Structures are given as C-alpha cells and as structure tokens.
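A short worksheet on the structure shown next.
Just so we're on the same page: letters track the sequence lines, and every chain starts at 1. In what follows, every heavy atom counts, from backbone to side chain, and hydrogens, waters and symmetry copies are set aside. Quantities reported herein were computed from a predicted structural model and do not represent experimental measurements.
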2 protein chains.
Amino acid sequence: MNSFTEENYLKSIYHLSVIDGETVSTNSIAAATHTKAASVTDMLKKLADKKLIHYAKYQGVSLTDTGKQIAIAIVRKHRLWEFFLVEKLNFKWDEVHELAEELEHITSAELVDRLDKFLDYPKYDPHGDPIPDNNGRFKQAELKPISALEVNTVGIIMGVREHAPAFLQHLEKIGLTIGNQIQLTEIADYDHSVTLNLNNNKTINISRDVAKNILVSI
Amino acid sequence: MNSFTEENYLKSIYHLSVIDGETVSTNSIAAATHTKAASVTDMLKKLADKKLIHYAKYQGVSLTDTGKQIAIAIVRKHRLWEFFLVEKLNFKWDEVHELAEELEHITSAELVDRLDKFLDYPKYDPHGDPIPDNNGRFKQAELKPISALEVNTVGIIMGVREHAPAFLQHLEKIGLTIGNQIQLTEIADYDHSVTLNLNNNKTINISRDVAKNILVSI
DNA sequence: AGATAAATTTAGATGAGTCTAAAAAAATGA
DNA sequence: TCATTTTTTTAGACTCATCTAAATTTATCT
Ligand SMILES: [Mn+2]
Ligand SMILES: [Mn+2]
Ligand SMILES: [Mn+2]
Ligand SMILES: [Mn+2]
C-alpha cells in the first residue's frame with residue numbers, strides 16, 4: 001500500500017504531466033505539493049524504487065503504467081466524492097475540493113464502485129472535469145477557454161481551469177456556471193477583457209484572466 | 001488539530017472507559033491500539049500536554065471534557081458512516097467497520113452534520129450502537145446480553161457486543177440479526193449453551209460465548 | 001513485611017517525511 | 001566558449017510514531 005503522501009505525489013505528477021507534458025520537473029512537483037525540492041528528490045527515489053515512476057537524476061520524472069493507474073484511481077475518487085458532496089449533501093461547488101482532498105485517500109475500491117453506482121455513474125464532476133470509470137477510462141471533452149474564442153462565437157460553459165473557492169464563488173456571482181450558454185460579443189484591444197451575452201440577455205465583462213479559466217464547448 | 005493516531009488513542013480510551021470504568025490502564029490501551037505499552041506511555045504524555053487526558057504516572061488515564069468531546073465526535077462519525085454504507089451503498093453489516101475506521105477521521109464537522117441530515121438523523125448504527133447527535137448527546141438503550149436472561153424470557157435483538165466480521169456473518173447465517181424476536185427456552189447445565197425460539201418458529205442453540213455478545217431489550 | 005510478579009516508564013534506536021544549507025549538474029547567454 | 005544563473009541532488013538535522021530492552025514502581029501472595 002501507498003501512504004497518503006505517496007498518493008499525493010503521484011496525483012500531482014499526473015496532473016502536471018497533463019499540463020506540462022509527459023515528464024515533469026522536481027521544482028514543479030515541489031510547488032504542487034507545497035514542499036521543497038529536496039523533499040521531492042527523496043520521495044522520487046522512493047517512488048522509483050516502487051516502480052511507480054520513471055526517474056533518472058536531473059532528467060525529470062514520468063509515471064509508469066502502474067503509477068498512472070494509481071493516480072487516475074485517486075482522481076476518480078476525488079471527483080466522485082465531489083459529485084456526491086454537491087448532489088447528495090448540497091454543498092456548493094466551491095466548498096468540495098478540500099473535502100475531496102481527504103476523501104480521495106479512502107482505500108476501498110469496493111466503496112468507490114458502490115458510490116459510483118449510487119450516484120448513477122456520473123460522467124463529470126461539479127467543475128466539469130471527467131470522472132474516470134472503474135477501469136480508469138474517461139474522455140476529456142474538447143473544450144476551449146473563453147479567451148481563445150473569436151467574436152460572435154456561441155459556447156456552453158463546460159468546465160473551469162481554476163478551482164480556488166474565490167474564483168468559483170466569483171463565477172457563481174456573475175452567473176457563469178456550468179451549463180450556461182454565452183456569446184462572446186467583444187474583445188477589448190486595450191486589456192483583452194471580454195464582453196459576453198448571457199442566456200438571460202444580460203451582458204457582462206470579464207478580464208482575460210477570468211476568460212482563460214472558463215472552458216466552453218462550441 | 002489532532003493526528004489520526006491521536007484520534008485513535010482518544011477513541012480507544014473512550015471505549016475502554018465505557019467498559020472498564022473511568023480510568024483505563026496503559027496495557028489495555030496498548031492492546032486496543034495494537035501497539036506496545038512503551039508507545040502508549042509516549043502518547044499519553046503528548047495527550048496530557050494537550051490537556052485531552054488526565055494522566056499521572058502509574059495511575060492510569062481518563063479523558064478530560066475536551067478529550068471526551070473529541071472522542072464522541074469520532075464515534076459519531078464512525079457510526080454515521082457505517083449507517084450510510086449499509087443504507088445507501090448496500091454494504092452488509094459485517095463489511096462496514098473497517099471502512100468506517102478510515103472515514104471517521106475525515107475532519108469536516110459540516111460534512112458530518114450534512115451526512116446526518118441526508119440520512120435523516122438515524123439513532124442507531126447497523127450494529128445497534130447509538131449515534132451521538134451533533135452535541136455529542138445520545139442515550140444507550142437498556143440492553144441485556146442473552147446470556148443474562150432467564151428461561152422463557154422474550155426479547156428483541158437490539159445490538160451486539162462483538163463487531164468482528166466472522167461473528168456478524170455467523171449471526172446473519174443463523175438468523176439472529178437486529179430487530180428479530182427471540183425467546184430463551186433452555187439453558188444447558190453442562191456448558192451454559194442456550195436454546196432460543198425464533199419468530200419463524202425455528203429453534204436454535206447457541207454457545208454461551210455467542211449469547212454473551214448479543215444484546216436484547218426485554 | 002519481604003519476596004516475587006506484573007504493570008509501567010525510561011533509554012535508546014529506527015523509518016517516514018520534512019527542512020536548510022551546501023554541493024553538483026544543467027541551462028543560459030554574452 | 002565559458003562564466004553565471006537556475007535546477008536538482010546530497011548531507012545532516014528534526015519531529016512523529018513506533019519498537020526492544022532495561023529500570024522502576026505498584027500489586028500480590030505467603
Ligand atoms: Mn477538486
Ligand atoms: Mn473537481
Ligand atoms: Mn464499527
Ligand atoms: Mn458499529
């Protein structure tokens with residue numbers, strides 16, 4: 001079995017490898033796990049001994065098949081628990097991430113599969129992220145950040161790139177939650193801020209920074 | 001905050017104090033936590049520093065009000081999660097204890113209270129143990145082990161004293177589960193084994209050891 | 001009471017995970 | 001290219017929870 005700590009490293013390496021490509025750096029792992037590079041190096045040796053990562057000094061790391069499988073199982077648990085918390089316990093989407101950080105380490109695979117069934121096999125978590133099935137399979141819908149859209153494009157909000165509670169609360173407040181349709185009507189030359197028409201005929205303006213972190217299907 | 005380990009010590013001290021009386025011994029804690037007496041002594045010093053237990057060398061320990069409150073909160077979580085696992089995820093009563101040992105350490109009080117509400121404020125867990133409310137209050141029903149009944153007494157099974165899966169599976173198999181009515185018809189002089197009439201008119205014989213661990217209301 | 005046994009604590013060691021400071025390797029760029 | 005900066009690893013130390021072995025205290029029994 002792997003400790004919480006080992007699981008968190010594997011999960012971080014997995015998430016980083018999705019963003020940064022196959023191999024990830026010691027420093028990026030340190031940032032993601034809120035530790036120091038020296039601590040990461042120690043852990044990388046251990047994970048390499050366990051054959052959960054490919055690691056050669058100074059060359060960065062990547063997950064082995066086993067490592068990746070474990071990481072995805074943790075992501076599955078994280079997202080299923082988030083779904084449970086929102087759908088069954090009525091938490092808001094900005095309240096569940098920290099709780100899921102704990103719940104994702106509950107070990108029983110049987111529990112996860114039964115939870116999955118109880119929830120009726122949800123495909124996406126409250127933030128629009130795909131929930132892997134019990135074989136670790138999932139498909140990431142093809143989404144674009146609002147910042148990449150051209151003027152007049154219509155899209156439906158399907159996910160977010162940033163999960164910080166403050167960001168999610170902000171989106172809630174301005175009405176940009178998952179499932180909502182938006183039309184991009186203007187991109188300001190000056191600061192690249194973006195004007196959107198909402199379904200309810202309201203018009204809002206959001207900064208490029210916010211626009212980068214909202215994902216839509218078109 | 002307290003570590004998992006500290007929480008488990010507090011919980012063990014609480015359970016032991018219910019059985020053995022107010023103050024409990026180093027050795028009994030060692031047995032309950034599957035550690036050695038020397039390790040227990042180390043932890044007792046730490047818990048005493050945190051004012052969670054009353055501790056004087058060689059004199060045994062008891063929980064402070066704070067310590068007891070924390071212990072009961074953990075028991076509340078344990079039993080609510082067990083109820084959830086059985087009622088919502090369809091686990092059997094012999095499968096949930098180990099899972100609850102992990103889930104009881106999830107920290108959020110908000111989560112527990114919402115879970116309680118979601119489950120419609122259950123009063124007893126799948127083994128008949130009372131579930132403390134969010135103020136730590138609960139009442140233990142007045143129950144007797146079958147081994148303490150006189151011949152011809154009728155009782156309803158309300159709980160068990162032993163939680164080992166093998167024991168619970170055995171009870172399931174012979175039809176002695178919670179809610180069932182029994183009538184004690186005979187106590188054997190030789191080995192104190194006990195004959196019971198069940199609701200379905202079947203007659204079964206159980207050993208004194210089994211009888212001691214089944215609790216009934218009369 | 002005094003001897004022996006049992007329970008408990010202390011002493012010293014270990015492994016996991018972390019840190020800071022220093023050394024080594026790799027990347028950058030004039 | 002080679003000096004400087006950045007990244008990564010090593011060295012050594014610390015905390016937490018655990019252990020074994022030895023010392024100490026308390027309990028028991030004749
Ligand atoms: Mn999350
Ligand atoms: Mn999520
Ligand atoms: Mn239990
Ligand atoms: Mn129980």
Base, sugar-phosphate, or nothing for A/Y55, non-hydrogen atoms under 4.0 angstrom?
sugar-phosphate

Residues in residues 27-39 of chain B with a heavy atom under 4.0 Å of DNA chain C, by number, are B/N27, B/A37, B/A38

Within the 3.5 Å criterion, strictly below it, is a donor on B/D191 or B/S193 matched to an acceptor on the partner's side chain?
yes

Of all residues at least two apart in sequence or in a different chain, which pass the side-chain hydrogen bond (donor to acceptor under 3.5 Å, both in side chains) check with A/D129?
A/H163

Mind listing the residues from residues 8-20 of chain B sitting with a heavy atom below 4.0 Å of DNA chain C? Number order is fine.
none

Hits for ring pair (Phe, Tyr, Trp, His ring centres under 6.0 Å) against A/Y58, two or more places apart or cross-chain, chain-then-number order -> none

So which protein N/O to nucleotides 12-15 of chain D N/O distances come out below 3.5 Å?
none

Side-chain donor-acceptor pairs under 3.5 Å in residues 131-149 of chain B, sequence neighbours left out?
unit_1: B/D133; atom_1: OD1; unit_2: B/N135; atom_2: N; d: 2.7
unit_1: B/D133; atom_1: OD1; unit_2: B/G136; atom_2: N; d: 3.1
unit_1: B/D133; atom_1: OD1; unit_2: B/R137; atom_2: N; d: 2.9

A/L44 atom CG is separated from D/dT9 atom C1', nearest whole Å, by 11 Å

Taking A/T35 for its side chain and A/A31 for its backbone only, find out whether a donor-acceptor pair lies under 3.5 Å.
no

Contacts satisfying side chain to side chain donor-acceptor pair (under 3.5 Å) that involve residues 104-120 of chain B (not counting sequence neighbours) are A/E102-B/T107, B/E7-B/H105, B/N8-B/H105, B/K11-B/E104, B/R76-B/D113, B/R76-B/D116, B/H78-B/E104, B/E110-B/R114

Report the distance from atom CG of B/L184 to atom CD of B/E150, rounding to the nearest 0.5 Å.
9.5 Å

Results of ring pair (Phe, Tyr, Trp, His ring centres under 6.0 Å) for B/Y124 - residues two or more places apart only:
none

Kindly say if B/T41 contacts the phosphate of C/dT10, meaning a side-chain N or O under 4.0 Å from OP1 or OP2.
no

Tell me, yes or no, whether the heavy-atom count around B/D49 atom CG, taken from other residues, nucleotides or ligands under 6.0 Å, exceeds 12.
yes

Taking the six-membered ring for Trp, is the centroid-to-centroid distance between A/Y121 and A/F83 below 6.0 Å?
no

Table please: side-chain donor-acceptor pairs of residues 84-93 of chain A below 3.5 Å, with sequence neighbours left out.
unit_1: A/W93; atom_1: NE1; unit_2: A/L168; atom_2: O; d: 3.3
unit_1: A/W93; atom_1: NE1; unit_2: A/E172; atom_2: OE1; d: 3.1

Protein N or O to nucleotides 22-27 of chain C N or O, pairs below 3.5 Å:
unit_1: C/dA25; atom_1: O4'; unit_2: A/Y58; atom_2: OH; d: 3.4

How many whole angstroms separate atom CD of A/E7 from atom C1' of C/dA16?
15 Å

Show me the side-chain donor-acceptor pairs of residues 59-72 of chain B shorter than 3.5 Å, one per line, residues at least two apart or across chains.
unit_1: B/T64; atom_1: OG1; unit_2: B/K51; atom_2: O; d: 2.9
unit_1: B/T64; atom_1: OG1; unit_2: B/L52; atom_2: O; d: 3.1
unit_1: B/T64; atom_1: OG1; unit_2: B/G67; atom_2: N; d: 3.0

Looking only at C/dT18, C/dT9, D/dT8, the nucleotide nearest the A/T5 side chain is C/dT18

Test of understanding: with salt bridge (Lys or Arg N to Asp or Glu O under 4.0 Å), list the residues that count as partners of B/E6, not counting sequence neighbours.
B/K46, B/K50

Atom CZ of A/F4 and atom P of D/dC16 are separated, to the nearest Å, by 19 Å

Atom pair distance, as rounded to whole Å: CE in B/M43 and P in C/dT9
14 Å

